[in-house]
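This is a predicted model, so every value here is computed, not measured.
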Amino acid sequence: MSINGEPGETAPLLESGDSNSPPASINRTSDQQERRRQPVDFSSLNSNSSGDNGLTSAILRYRYYGRLAPHSDSTFQMPDHVVPPDFLIVVPIVTEGKQSSLITIFSLWNTMMGTSILSMPWAIRQAGFLTGISLLVFMALLMFYTSYRILKAMQTTGKLDSGVDFSDVCHMSLGRWAQILAVVSSLLTLLGGAIVYWILLSNFFYNVVNFIYHHSTSPHKNVSNGIDYVCPSMSASHPGNHSNHNWTLSSHYSSQWLASSHSHESVYDRVWDENYTVPFFLICVLGPLINFRSPTFFTKFNALGTFSVAYLVSFVAVKAHQWGFHMNFQGENDVKDIHHIYIPEFQGTFAALTGIAALAYFVQNCVISICRNQQHPENNIRDLTIAYVLVAVTYIYMGIMFYAAFPLNKNCIEDNLLNNIADTDIMAFVARIGLFFQMVCVFPLLLYIFRAQLLFSLFGNVWPSLKHVLGLNVVLVGICVVFAVFLPHIGSIIGFVGAFCGFSYAILLPCLVYMKTLSDRGELSPFTVVFHSFLILLGLANFIGQFLIIGKT
């Protein structure tokens, strides 16, 4: 039994006042050391204090105030004179548990830097050069504004440090349906991320094994005459890709293409196929890792994501330096000539980019958690602004640099930029194997968070039983495998998931909560209604647009 008198509860660690002198047994070696109240076993003290009515009364008073202020951040703090000296300990090092602005900015940047970075050149291809840059900037502004509205709402209501989530605010402001929509959108984001991760893991696994196999069996046939770029949509040996283009090749490029691609042996090709066998082999790797009860081990490898992004940025810079820039804004686009390099300013499939960008800039579901521990909360808006600027610059750099430097017809660019690099390229091999191990560590975290949110919502427990956990994991892995086999196109998946979650969680709910708050105060103006209704319509149009470009990307 704890000091509060309830099983499993502990009294808060509150700072003691100077009015209480510590007992002689406590050495205060420095004025910088703090005396703090500690949880005390009530039954133990009570049994050892027979006849000491003063101590017993002090314990009872302690329990009483502990119930009034059950949390360490409560405004109803226990008076100093209530705390007996025996309840004080010396804390030599005081840790406030607060993070600096630099950590806040980095955490926001790191959270938004996801698999979308691999699809940015493809997204630019779908929107056109100038349109793509403009839309990436516009989507960054839109998503920043709604993130700002969420953060501002939590700060003005004083709920930023209360442990309340934005979904709870939606429930209080709009009703139960809004909270359900927020939870469903968050779950869908996690599920979409898991599907994309499984597809990319299958791709990296496939290419890494290919690299090792070809270098071990035919090392002298891997010389590609300096050609390290490929157009997978023209390769019959790359069944995971699709294209409606019938490319025309010059004899010069045809010989270079054959030198940089491989004709796999029939047995090897049947056993090791990117779409039909590798996704199932991946179960043997990830299956044992997704059933852990605690994700603590995998959280230790979060820094790998930062190194992966840094390597990809350097990788694109090196390739752009090697290839040079190939940009032609004159003439017309010839989709049949692989040598024809034409860059359109606008493409009718621009909705593919806005869908991807909605997920790329999506941080609304965790902006509160990241900013809650800010050492100086008044800097949260500034730090959020800086983080969005850095994220936008990173995505625009990755998309434009690779798109402009790619030396073939821009219609060759895949929704995973590494697919445009030959599997014999050593830098691409390092990128793939690094991303593979990083995603192996992140994938169990995605499934754990999904499982925790869903099972807690249904059963009130994140681990109701091993049977529930195994059953849910089998379903989730099955969904991932089905997509990896029949729809291994991460650009389309990211676009649909991003457009839906961007509309529902990132735009609709923040705008409605803001207008409802102003309405309750009697401060809602017609301009505010029109402006935020327009933003909601933009989000809805982005989601509808994903259906209109099916089969055109």
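- The main-chain N or O of V183 is never found under 3.5 Å from a side-chain atom of S167 such that the two would form a donor-acceptor pair.
- For Y213 and Y268, the gap between ring centers is short of 6.0 Å.
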Practice item. Would you check, one step at a time, whether the test ring pair (Phe, Tyr, Trp, His ring centres under 6.0 Å) holds for W272 with F205? Key: CA-CA 10 Å; W272 194 248; F205 199 16; 5.2 Å; yes
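- In this structure S100 satisfies the side chain to side chain donor-acceptor pair (under 3.5 Å) test with no other residue, sequence neighbours excluded.
- Looking at D273 and N275, their side chains never bring a donor and an acceptor atom within 3.5 Å of each other.
- For T131 and Q347, the side-chain atoms include no donor-acceptor pair closer than 3.5 Å.
- Atoms OG and CG, on S147 and N380 in that order, are 12.5 Å from each other to the nearest 0.5 Å.
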Output a table of donor-acceptor pairs, distance under 3.5 Å, between side-chain atoms of residues 396-405 and any protein atom two or more places apart or on a different chain; print 'none' if there are none.
unit_1 : atom_1 : unit_2 : atom_2 : d
Y397   : OH     : V313   : O      : 3.0

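- Note: F543 and F503 have parallel aromatic rings, judged against thresholds of 30 and 60 degrees for the angle between ring planes.
- Atom CG of residue L286 and atom CG of residue N473 lie 11.0 Å apart, to the nearest 0.5 angstrom.
- Within 6.0 Å of CZ on F346 lie more than 12 heavy atoms contributed by other residues, nucleotides or ligands.
- Here the CD-OG1 distance, from Q438 to T306, works out to 8.5 Å after rounding to the nearest 0.5 Å.
- A pairwise comparison of heavy atoms in P510 and T146 identifies CB-O, 4.0 Å as the closest pair.
- The ring of Y505 has its center no closer than 6.0 angstrom to the ring center of F500.
- Each of N379, D383, L384 was compared with T104 under the side chain to side chain contact (heavy atoms under 4.5 Å, CB included) criterion, and only D383 meets it.
- N365 is linked by a side chain to side chain donor-acceptor pair (under 3.5 Å) to nothing, counting only residues two or more places apart in sequence or in another chain.
- With no hydrogens or angles considered, no side-chain donor-acceptor pair links N416 and W122 at under 3.5 Å.
- Put simply, CD1 on I490 and CD1 on I493 are 8.0 Å apart, with the number rounded to the nearest 0.5 Å.
- When all heavy atoms are compared, the tightest approach of F315 to A428 is CE1-N, 3.8 Å.
- Interatomic distance, CE of M439 versus CG of L200, reported as 4.5 Å (0.5 Å rounding).
- Relative to the ring axis of F204, R432 does not place its NZ or CZ within 45° and under 6.0 Å from the centre.
- For H532 and Y514, the gap between ring centers is short of 6.0 Å.
- Around the CZ atom of F534, the shell of radius 6.0 Å holds no more than 12 heavy atoms that belong to other residues, nucleotides or ligands.
- Put simply, the side chain of R382 reaches to within 4.5 Å of the side chain of S101, judged on heavy atoms.
- A donor atom on one side chain and an acceptor atom on the other are not found under 3.5 Å apart for R125 and T349.
- Between R270 and Y276 the shortest side-chain heavy-atom distance does not fall below 4.5 Å.
- Counted within 6.0 Å of CZ on F437, heavy atoms from surrounding residues, nucleotides or ligands total 12 or fewer; the atom is thus considered open.
- Interatomic distance, N110 CG to I370 CD1, rounded to the nearest 0.5 Å: 9.0 Å.
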